[in-house]
Amino acid sequence: MQVHKYDVVIVGAGGAGMRAAIESGQRARTAVLTKLYPTRSHTGAAQGGMCAALANVEEDNWEWHTFDTIKGGDYLVDQDAAEVMAKEAIDAVLDLEKMGLPFNRTPEGRIDQRRFGGHTRDHGKAPVRRACYAADRTGHMILQTLYQNCVKHNVEFYNEYYVLDLLIVEEDAVREDGTPYKQKRVAGVVSYDLASGELHVFQAKSVVFASGGAGKVFKTTSNAHTLTGDGMGIAFRRGIPLEDMEFFQFHPTGLAGLGILLTEGARGEGAILRNSEGERFMERYAPTIKDLAPRDIVARAMANEVREGRGCGPNKDYVLLDLTHLEPAHIEAKLPDITEFARTYLGVEPFTDPVPVFPTAHYAMGGIPTNITTEVLQDNDTIVPGLYAAGEVACVSVHGSNRLGTNSLLDINVFGKRAGIAAAEYSKTADFVELPEDPEAMTRGILDGLLSGNGTERVAQIRKELQDTMDANMQVFRTKESLEQVLRDIASFEERYKHVTVQDKGKRFNLDLLEAVELGFLLDMAKVMTVGALHREESRGGHYREDFPDRDDEKFMKHSMAYLDNSVTAASSAESVAGIRLETKPVIFTRYEPMERKY
Amino acid sequence: MTTIETPRSGKIGSGKIAPKYNRTGSSRGNFEMIAWLFMRLSGIVLVVLIFGHLFVNLLVGEGIHAIDFGFVAGKWADPFWQFWDLAMLWLAMLHGTNGVRTIINDYAEKDSTRFWLKMVLYAATLVIIILGTLVIFTFNPCPVVDGVQLPGGFCPAP
Amino acid sequence: MPTKPAGTLYRGREGMWSWVGHRITGVVIFFFLLVHVLDTSLVRVSPEAYTAVIGAYKNPLMALGETGLVAAIIFHAFNGLRVIAIDFWKKGAKYQRQMLWVVLALWLVTFAGFAIRHLSLALGGH
Amino acid sequence: MTTEMAEPASKIELPASVAGDGEIPTFHITLRVRRYDPEISEEARWDDYKLTMYGTDRVLDALHKVKWEIDGSVSFRRSCAHGVCGSDAMRINGRNRLACKTLLKDLDTSKPITVEPIKGLPVEKDLIVDMEPFFQSFREVMPFLINKGHEPTKERLQSVEDRERFDDTTKCILCAACTSSCPVFWTDGQYFGPAAIVNAHRFIFDSRDDAGDMRLEILNDKEGVWRCRTTFNCSEACPRGIQVTKAIAEVKQAILARKI
Ligand SMILES: Cc1cc2nc3c(=O)[nH]c(=O)nc-3n(C[C@H](O)[C@H](O)[C@H](O)COP(=O)(O)OP(=O)(O)OC[C@H]3O[C@@H](n4cnc5c(N)ncnc54)[C@H](O)[C@@H]3O)c2cc1C
Ligand code: HEM
Ligand code: SF4
Ligand code: F3S
Ligand code: FES
């Protein structure tokens, strides 16, 4: 067994992980563990922008931004967190600029800003130009800039180290009111070195999770193959709850059939959605801001057009994104990459032809619950000292039930920075928690089990069926029946998963083995999402129940918290799912009362 | 449990990589730059020199048949052609030598092979340049052996 | 014992092949130059020796070889100018391919002109 | 500008775009993959797989099909699957491409499609190579903004033209397709390689940066820009369409201009 000791271990080298590493690396001995080379992280795929009320091109202020974020999230947003994010957004953008990020510029040489869905001036009066951007490669520039600065600060990376377990020790403790409970403490993580197939234990005073999303539970997704919800899954298996997992964002404009994203920035620049009749149908769904309505609304509108027979194409299963009225030179300057995607992957020339699009699974609003200093919560209000989470893996919750475009790149920068500082500061005062006995046991058990199994089930087949059922039943529209179908399917997948075969038995770069491990996380995540969706009998933000089409603040204005609990049996659970206990957590309000969400 | 050698060439996180890939020390000075620049400048001049040379020697008049001792002697009696050929000799040799040096640098696998190949190259170049220069300058268009003028010379009418 | 059988050749394009050509012609010319200086220096030894050697150049086989050499020089020279243009002309990189076609065209014209004249002279005898 | 946007006239000919014969063409291919696993044998070998693929499938889809349905031990890196993360540069039919950006229908499917690891970096297994040497060169050119002036409270200003000056080289995704296509890099692996130069270029020509001279000095090395022989393999391999050779030429000129 190889043991490494660091003050801070960061899991994941996407935007959130590297932003944390830049802070932490300068304050404490820090290691960054990542299953991909840092620059392969999916932050690099983000296109449209990162918003901050810089007011460089028109009047704006961070309070409007806060309001838009809360309204966009259908009031399930923790308002203190939204305030922090909108206020610190300005510095987050300026920090990046100072690190060298090549933002597009205004004629005066300031950072240019563009419109984005749901971002408005003066509480919804009109769209506002708030998103700072670098063509349609904002995420690429952020990822590269952060990596460059990690190089500058000599951050220690362990590339292609898959973290597979979180080492948690439980201590008896007593609450202020006298009730005893188990206090969790973090001791480190266990990781698998892809190159050698060896397990490495990292003992650390602080651990920061920044391992990104879980989009691969769906078939049509803008997410990378590697976004398999590992971080969420690891935490969940170690008894950390997952918050608001039923809320998954479907981005309206994925390339039809492929899921590759075309940024909302396209609509920000003036592109228009049309149905088979050529109608600009968003006028009917969101009369004020039309095509720039928040994503959940646009995605549902699109799905609805298709359902009502106004879809395009041979199977009438997509709508069209029309850029043809825009100046080619303008498109080329502002949206060079996405036009190339349309050309490469669909063979469509966006200057002259509309691009087939359909909603694509995009972003997990839920995740590991944290407070505004990014400390992970083990229940509604007890933090796990030394454990932090930031980025898509976390749920602060600034996105509530629906994230506004550009708020995630902001999230990873604001909370990534906070996590890095907090983790490093904590490590200065804390001691190492002793490693549990045989810390690799659980991980080795999983790996050996998969390697020695001689079943016949194929990982890829199960994963495909999981993704199919999730697309069919857990997507934009959901009903009790469809969700129950998913749960039945997952139960059978879990059974089959016990008999999967891993063909590659080697130690070197055994990605076959890791795909099998990742499938385990995917199954867990799909289940948690679906159970949450089944429980939430209302429609809010990204979660739309056809059998409960209205928002129900009375019963559901609260976060859901899913715990792994093996004492729950199918019979004892309201949702008849074994192993998951659902609880709720109140939403934090500061200034904004819930209103009807209309655009 | 068999442990396999970590394929990663260096210690992880140490920023170290396999010695093969460590650049074998940096070069001081601008030698490579000047060599690069020289290749371009000499190239341009050589175009004129070589094309002129080929034209006069092979295409004018009877072409190659005209070439004999007398032809050469005739040319070198004129300082213009002496200078022309001298420039061509030096530039072409230096240009060519530097070119071949690049090629040796590229393809020689071992440092020692590289070193010796280059030594051979430089020695050859040196010999050729000195020899050529001497020939051009010490050339006597009217060689006289044992008091007898050799035939075919290019001599001023006695 | 071949441990890692070679993969396929890298299928570069115009730029790479023109470089391959440039490199090969450069070396060929260089070695010719070595020999050429040596044989020319025979003029210093004795006119007979020189005339004897130069006689060899006049043999038809050598004439063919010489034609090849000149072909190499012409290509190397024109392509060398192309490389210089790539290095110093703002749009050089953009038009490198077109410039290669120009090089080849010029090469063909110049070479044809030379070859006709030279071979007819060399082979045609007096 | 917050005025209501009037609906612009559509230029779409709807019937044309809505039409389509509804058939997704399928075709058969042979994928010839270069296999190498030192745990099994020191010898590399070629494995052929016959596959049926669809319309817009890419080489990455074919590799996935092999890995997921036929032989799980076939190993390659990939992540984003749409050409932005730089994981899957490999030699496809003899040229460096991203597997996720190379559509099968654009290749000659009558012959086997060969897939090999990129050249010049040590092969670890199948299509996976050791990228450390590549990143080492990248790190050596100081690929980060160095600004010696005072930190302004707001952003540093940069004109649109100054921003445009280095736009091309900001697009690099560090996929190594260029460096591993460079005949000079293949020879001894000592050359900095086009990717490192591209990333140096990105900062040398950034008006906000003050350390251009240091980077030019680094690239004036004997393994620096002067080793480039303008073979253009890099420019042709770059999946981001970066004019790599042009960028290298600009760096050469900058060094010359500084020295002379
Ligand atoms: C196509 C696309 C476009 C987008 N556009 C925008 C936009 O315009 N604006 C916006 O605000 N947001 C956008 N988003 C959302 C945003 O990009 C992401 O939510 C955000 O980048 C996530 O960053 P992250 O750092 O949390 O995770 P990631 O960047 O996904 O990084 C995850 C990291 O964790 C590592 N990791 C994962 N699992 C493990 C493990 N088990 N062990 C070790 N390491 C692990 C990975 O290697 C990786 O380094 C977009 C998203 C997509 C998919
Ligand atoms: C006729 C005019 C000539 C021109 C315009 C010319 C031009 C050039 C140029 C520009 C280069 C550099 C190529 C690069 O850096 O990629 C070069 C390389 C070279 N030249 Fe010449 N050259 C000429 C004549 C010669 C002669 C006469 C010789 C032989 C003595 C020669 C031998 C070489 C060699 C060996 C190289 C190195 C090739 C390589 O590195 O790939 N050249 N030439
Ligand atoms: S320059 Fe192009 S080919 Fe080279 S690493 Fe960057 S993106 Fe890849
Ligand atoms: S391939 Fe190599 S030789 Fe120069 S033009 Fe590109 S770096
Ligand atoms: S998988 Fe990301 S570039 Fe191909």
Side-chain angles (χ1 to χ4, degrees), chain B residues 36-37 39-44 46-48 50-51 53-55 58-73 76 85 88-89 92-93 95-100 102-103 106 121 124-125 127-129 131-136 138-141 143 145 150-154, chain C residues 22-38 40-55 57-59 62-63 66-67 69-70 73-74 76-81 83-88 110 113-114 116-126:
Chain B
W36 182 89
L37 200 58
M39 288 305 269
R40 327 269 124 185
L41 296 176
S42 61
I44 294 173
L46 278 170
V47 174
V48 178
I50 293 182
F51 279 17
H53 175 80
L54 289 175
F55 188 73
L58 298 181
L59 298 183
V60 176
E62 291 178 49
I64 191 161
H65 293 296
I67 299 182
D68 56 15
F69 182 84
F71 178 85
V72 177
W76 285 348
D85 282 8
M88 189 165 70
L89 171 77
M93 278 312 292
H95 177 103
T97 304
N98 187 50
V100 174
T102 323
I103 297 175
D106 275 2
L121 173 70
T125 305
V127 168
I128 296 289
I129 291 187
L131 180 70
T133 309
L134 284 177
V135 168
I136 293 177
T138 65
F139 177 67
N140 180 354
V145 177
L150 288 175
F154 184 84
Chain C
H22 195 79
R23 185 157 265 199
I24 293 172
T25 52
V27 177
V28 167
I29 303 168
F30 180 73
F31 283 107
F32 168 78
L33 185 61
L34 292 186
V35 176
H36 189 52
V37 173
L38 285 175
T40 305
S41 48
L42 287 177
V43 292
R44 186 74 185 80
V45 178
S46 78
E48 288 92 14
Y50 180 75
T51 309
V53 172
I54 207 74
Y57 277 83
K58 295 174 186 172
N59 140 336
M62 280 302 281
E66 238 167 87
T67 321
L69 177 76
V70 172
I73 294 180
I74 301 176
H76 188 95
F78 285 152
N79 192 55
L81 294 176
V83 169
I84 294 169
I86 293 168
D87 288 328
F88 293 107
T110 319
F114 170 83
I116 293 167
R117 171 99 178 119
H118 179 68
L119 287 180
S120 64
L121 281 174
L123 304 178
H126 270 288

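Throughout, protein chains are lettered first and strands after them, A, B, ... in sequence-line order, and every chain is numbered starting at 1.
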> For B:Asp85, is it the side chain, the backbone, both, or neither that has a heavy atom closer than 4.5 Å to a heavy atom of chain C?
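When you check distances to chain C, no heavy atom of B:Asp85 falls under 4.5 Å.
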
> Name the region of C:Val53, side chain, backbone, both or neither, that has any atom closer than 4.5 Å to a heavy atom of chain B.
neither

> Using heavy-atom distances under 4.5 Å, tell me whether B:Met93 contacts chain C through its side chain, its backbone, both, or neither.
both

> I'd like to verify something: which residue of C:Phe114, C:Phe88, C:Phe30 has the highest number of heavy-atom pairs under 4.5 Å with chain B?
C:Phe30

> CD1 of B:Ile50 to CG of C:Leu33: how many Å apart, nearest 0.5 Å?
8.0 Å

> Where on B:Leu121 is there a heavy atom nearer than 4.5 Å to chain C: the side chain, the backbone, both, or neither?
side chain

> Work out which heavy atom in B:Val135 is nearest to a heavy atom in C:Thr40; give both atom names and the distance.
CG1-O, 4.4 Å

> Which of these, C:Leu81, C:Ile84, C:Ile74, C:Ile73, sits in a side-chain contact (heavy atoms from CB on, under 4.5 Å) with B:Val47?
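Filter result, single survivor: C:Leu81.
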
> Among B:Leu131, B:Ile103, B:Ile136, B:Ile129, which has the most heavy-atom pairs under 4.5 Å with chain C?
B:Ile103

> Only pairs of heavy atoms separated by less than 4.5 Å count here; which of C:Gly55, C:Ser41, C:Ala49 has the most with chain B?
C:Ser41

> For B:Phe55, which atoms come within 4.5 Å of any heavy atom of chain C: side chain, backbone, both, or neither?
neither

> With rounding to the nearest 0.5 Å, note down the distance linking CG in B:Leu89 to NE2 in C:His36.
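So the CG of B:Leu89 and the NE2 of C:His36 are separated by 10.0 Å.
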
> Enter the distance from B:Leu46:CG to C:Ile29:CD1 here, rounded to the nearest 0.5 Å.
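Taking CG in B:Leu46 and CD1 in C:Ile29, the distance rounds to 9.5 Å.
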
> I want to check something: taking the side chain as every heavy atom from C-beta on, are B:Met39 and C:Asp87 in contact at a cut-off of under 4.5 Å?
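In short, these two side chains do not touch, never coming nearer than 4.5 Å.
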
> Under the criterion side chain to side chain contact (heavy atoms under 4.5 Å, CB included), I'd like the reasoning laid out for B:Phe71 against C:Ile54: C-alpha separation, chi angles, the key distance, then a yes or no.
CA-CA 11 Å; B:Phe71 178 85; C:Ile54 207 74; over 6 Å; no

> Would you say that C:Val83 contacts B:Arg40 through its side chain, given a criterion of any heavy-atom pair below 4.5 Å between the two side chains?
yes

